[in-house]
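Everything below concerns the one structure shown next.
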Amino acid sequence: MNENNRKQLKKTGRRPKEDPAKIRYTISFNEEEHSRFLSLFDQSGMLVKAHFITSCIFEKTIKTIQIDKGTVDFYMRLTSFHSQFRSVGVNYNQVVKLLYKNFSEKKGSAYLYKLEKQTIEMVLLCQKIIQLIEEFEANHLKKQV
């Protein structure tokens, strides 16, 4: 009966590590060193300070991540604009089908002519947007070597 109780206790809880870290060191910083350490830690993108310190000591590569909030905002707005532009394309197809279905050929072609003018304006607007995107990428997103 004791053997059954022992086996049940081993199945629950956290599994022990194969090589646990038992040896600890302490380090002291002054205010300037501490602020510098925190800024390097924030740039690394790591979640645990101990992992960051061991990677610095053993010369492992340290990841540095810099996020530009303006670029992220631009990307999010561009994504939402693209989805709106696609929905306009879907609505355009539905309008053309309704024109041919519900109106006579003469009236339908008149409305289609007006729709064609608006489409040309939308294409010009799209070309301007693409040009602005390319300028933004050239000025702000390309890595300089």
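By the side-chain contact (heavy atoms from CB on, under 4.5 Å) test, Asn93 pairs with no residue at all, sequence neighbours left out. With sequence neighbours left out, Arg15 forms a salt bridge (Lys or Arg N to Asp or Glu O under 4.0 Å) with no residue at all. Residues passing the ring pair (Phe, Tyr, Trp, His ring centres under 6.0 Å) test with Tyr92, sequence neighbours excluded: none. Taking Pro16 as the reference, nothing meets the side-chain contact (heavy atoms from CB on, under 4.5 Å) condition, with sequence neighbours excluded. The side-chain hydrogen bond (donor to acceptor under 3.5 Å, both in side chains) test applied to Asp73 returns Arg77, not counting sequence neighbours.
The heavy-atom pair separating Gly108 from Phe103 by the smallest distance is N-CB, 4.0 Å. Taking every heavy atom of both residues into account, Phe52 and Met46 meet most closely at CA-SD, 3.4 Å. The two residues Leu115 and Val95 make their nearest non-hydrogen contact at CD2-CG1, 4.0 Å.
Think of Tyr113 as one node in a network of Ile, Leu, Val, Met, Phe, Trp and Tyr side chains linked at under 4.5 Å; it has no links at all.
Note that CG of Leu40 and SG of Cys56 are 7.0 Å apart. Values are rounded to the nearest 0.5 Å. Note: His51 NE2 to Ser44 OG = 12.0 Å, rounded to the nearest 0.5 Å.
The residue from Ile129, Leu124, Ile130 that alone fulfils the side chain to side chain contact (heavy atoms under 4.5 Å, CB included) condition with Cys126 is Ile130.
The number of heavy atoms from other shown groups lying within 6.0 Å of CD (Glu105) does not exceed 12.
One hydrophobic cluster, built from ILVMFWY side chains closer than 4.5 Å, holds both Ile27 and Leu38. Ile120 and Leu125 are assigned to two separate hydrophobic clusters, defined by single-linkage of ILVMFWY side chains at heavy-atom distances under 4.5 Å. No continuous path of ILVMFWY side-chain contacts below 4.5 Å connects Leu47 to Phe37, so the two sit in separate hydrophobic clusters.
Using bins of under 30°, 30° to 60° and over 60° for the plane-to-plane angle, the ring pair Phe29/His34 lands in the tilted bin.
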> Going through the distances and angles, do Glu33 and Arg36 end up as a side-chain contact (heavy atoms from CB on, under 4.5 Å)?
Replying inline: CA-CA 5 Å; Glu33 291 170 340; Arg36 185 172 175 213; 5.6 Å; no
